[in-house]
Asks: 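Here you go, one structure.
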There are 2 protein chains.
Amino acid sequence: MFTLAEENYLKAIFHLEHDSAGEVSTNAIAESMDTRPSSVTDMIQKLAEKKLLTYKRYKGVKLTKEGIKVAANVIRKHRLWEVFLVEKLNFHWDEVHEIAEQLEHIQSEELITRLDKFLGSPDFDPHGDPIPDKHGVLKRTEKRLLSEIEKNQQGVCVGVKESSAEFLQYLDKKKISIGTKISVLGKEFFDGSMIIQVGADQFFISKMVAENLFVQTL
Amino acid sequence: MFTLAEENYLKAIFHLEHDSAGEVSTNAIAESMDTRPSSVTDMIQKLAEKKLLTYKRYKGVKLTKEGIKVAANVIRKHRLWEVFLVEKLNFHWDEVHEIAEQLEHIQSEELITRLDKFLGSPDFDPHGDPIPDKHGVLKRTEKRLLSEIEKNQQGVCVGVKESSAEFLQYLDKKKISIGTKISVLGKEFFDGSMIIQVGADQFFISKMVAENLFVQTL
DNA sequence: TTTTATATTTAGGCAAGACTAAAAAAATAT
DNA sequence: ATATTTTTTTAGTCTTGCCTAAATATAAAA
Ligand SMILES: [Mn+2]
Ligand SMILES: [Mn+2]
Ligand SMILES: [Mn+2]
Ligand SMILES: [Mn+2]
């Protein structure tokens, strides 16, 4: 139905729309996809003709209903495959993204229906990201960044914002994963760093770490 | 490492080399891939430069060691994924080929290692075709076409030569699958047709059917 | 052996999806 | 309000993998 390149553009635009309101700019797409703005212009003009997004020259783009549906389906596939890789093949959560980038483009409705069932229709992927249902609807949860939590409050880790292998490996070293209980013992106003407790361990984390961990307060 | 198109060419040539001895002709490749001879010439020249096959103008091609390795690995992936689809996702054996055609191109050594383990390192795919090991070596078995079996002999179905959905569905209707015991009750010399027994049922099969079923004699 | 038919290759082109360089529009600064 | 910078688009190219049409080599027939 859609090419690999088209699917990747739609997915990137979908994520950008969720990161900030309003139209998505050509340069933002180019940067997020590690490609050139001129290449982006080419592609968004094609996608506009196919009614997957609306585009006015110099004014950025916005996905249409159809474009959202296609993008959400690619993301659904990506996240379901990540669950498969972790739950069934015992991959670690920092190893699955690149493989899922390929698997998300496999075309077969039936395959995804059956994979979903096989996995027990999971709601979240290994990084805590919600899996869109077959209509593209995302389950909303009230999660907050750890950086927004006050001193002496506690939360359970429910996801990561950044999911680079480096960050995930850092979390492993600190024994933090989805479901881990975190207590904020101290918070430094001037640089946003924190002292937290995880299990029996107490340690320092930077603002950068706190801003990339999602928690649910208890 | 290799493009999707390159992998598909290598795979097709690999199969053609196994179907008949000697060099593989441009036209044979074109026909098996449903493409034009001129396109084949283009590609085999590229593959020859990459030392994946040897090519002399007008004389056909032959895979090198490296070419065989690459092709066998694609086939290994194809067949492992077919096992996954049938064993884990409960697809029927006539539904898996098209999806495996896509999955066979996913690039990750680790993925295949783990998938293989997850599936219990199967030796054969759902159609009875052998799965190459990680070095590209195919397990040899002495299977024969049902059409070569004499009257009053018996065999166990161990594979199909053709694995089109139509043929597989015909076999289902006749309750024949891998492992099914078949007795040859009669054989018509002039058209190669047979009367066979499967379970309690006795029925007629054409030469075409008998020539596409592999059995192992008891 | 010469002619005819078939197989294969070459030449030239096209679409997708990328790129660089240059032009044009929009945003910012003076 | 004008000048400068930044963003975006256009123009022109490149590579991959395909195509058609024409040329050429090989195989088959006369
Ligand atoms: Mn991912
Ligand atoms: Mn994820
Ligand atoms: Mn197959
Ligand atoms: Mn098979």
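Per chain, numbering begins at 1; letters A, B, ... match sequence-line order.
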Asks: Please evaluate the base of C:dT20 for a donor-acceptor partner in the side chain of A:S38 within a cut-off of under 3.5 Å?
Replies: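 Indeed there is one.
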Asks: Assign the ring pair A:F118 / A:F84 to parallel, tilted or perpendicular, where the plane angle (0 to 90°) is split at 30° and 60°.
Replies: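 Rings of A:F118 and A:F84: tilted, 30 to 60°.
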Asks: Take the protein atom CZ of A:R36 and the nucleotide atom C1' of D:dT13, then report the distance between them rounded to whole Å.
Replies: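 One finds 16 Å between C1' of D:dT13 and CZ of A:R36, rounded.
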Asks: Could you check which of D:dT9, D:dC19, C:dC19 has an atom nearest any side-chain atom of A:T26?
Replies: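 Per side-chain heavy atoms of A:T26, the pick is D:dT9.
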Asks: Send over the distance from A:M43 CE to C:dC19 P, rounded to a whole Å.
Replies: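 Result: 12 Å.
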Asks: Which label fits A:F167 and A:Y170: parallel for a plane angle under 30°, tilted from 30 to 60°, or perpendicular past 60°?
Replies: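 Taking A:Y170 first and then A:F167, their aromatic rings lie parallel (interplane angle under 30°).
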Asks: Taking 4.0 Å as the cut-off, does a side-chain nitrogen or oxygen of B:Y9 come that near to OP1 or OP2 on D:dT16?
Replies: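 No, because none of the side-chain N or O atoms of B:Y9 sits under 4.0 Å from OP1 or OP2 of D:dT16.
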Asks: How close or far is atom P of C:dA18 from atom CG of A:N8, stated in whole angstroms?
Replies: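 To the nearest whole Å, that distance equals 9 Å.
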Asks: Among D:dC19, D:dC18, D:dT10, find the nucleotide with the atom closest to the side chain of A:Q45.
Replies: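 Looking only at heavy atoms from C-beta outward on A:Q45, the closest nucleotide is D:dT10.
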Asks: Taking the minimum atom-to-atom distance to the side chain of B:I44, which one of C:dG17, C:dT8, C:dT9 wins?
Replies: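 Selected nucleotide (nearest to the side chain): C:dT9.
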Asks: Under 4.0 Å between a side-chain nitrogen and a carboxylate oxygen: does that hold for B:K11 and B:E104?
Replies: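 Salt bridge present between B:K11 and B:E104.
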Asks: OP1, OP2 of C:dC19 versus side-chain N and O of A:S39: anything below 4.0 Å?
Replies: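 Result: yes.
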Asks: Rounded to the nearest Å, what distance is computed from the NZ atom of residue B:K56 to the P atom of nucleotide D:dA25?
Replies: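 B:K56 atom NZ is separated from D:dA25 atom P by 17 Å.
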Asks: B:E23 CD to C:dT8 P: how many Å, rounded?
Replies: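 About 12 Å, once rounded to whole Å.
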Asks: How many Å lie between CZ on B:F2 and C1' on D:dT15, as a whole number?
Replies: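 The answer, rounded to whole Å, is 18 Å.
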Asks: Whole Å only: how far is the CG atom of A:D42 from the P atom of D:dG12?
Replies: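 Rounding to the nearest Å, CG of A:D42 and P of D:dG12 are 14 Å apart.
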Asks: Within the structure, does a side-chain N or O atom of A:Y58 lie under 4.0 Å from either OP1 or OP2 of C:dA23?
Replies: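 For C:dA23, OP1/OP2 do not have a side-chain N/O of A:Y58 under 4.0 Å.
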Asks: Does OP1 or OP2 of C:dT10 have a side-chain N or O of B:R57 closer than 4.0 Å?
Replies: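 Yes, B:R57 has a side-chain N/O under 4.0 Å of OP1/OP2 on C:dT10.
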Asks: Nearest to the B:T41 side chain among C:dT10, D:dA25, D:dT9, which nucleotide is it?
Replies: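 When the side chain of B:T41 is considered, C:dT10 is the closest of C:dT10, D:dA25, D:dT9.
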Asks: Whole Å only: how far is the NZ atom of A:K46 from the P atom of C:dA15?
Replies: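 Roughly 11 Å, once rounded to whole Å.
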Asks: State whether a side-chain donor-acceptor pair under 3.5 Å links A:N27 with A:S25.
Replies: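 Judged by distance alone, the side chains do not pair up.
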Asks: Check whether any side-chain nitrogen or oxygen of B:N27 sits under 4.0 Å from OP1 or OP2 of C:dT8, and answer yes or no.
Replies: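 B:N27 to C:dT8 OP1/OP2: side-chain N or O found under 4.0 Å.
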Asks: Mind listing the closest non-hydrogen atom pair of A:T217 and A:R144 along with its distance?
Replies: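 That would be CG2-NH1, 3.3 Å.
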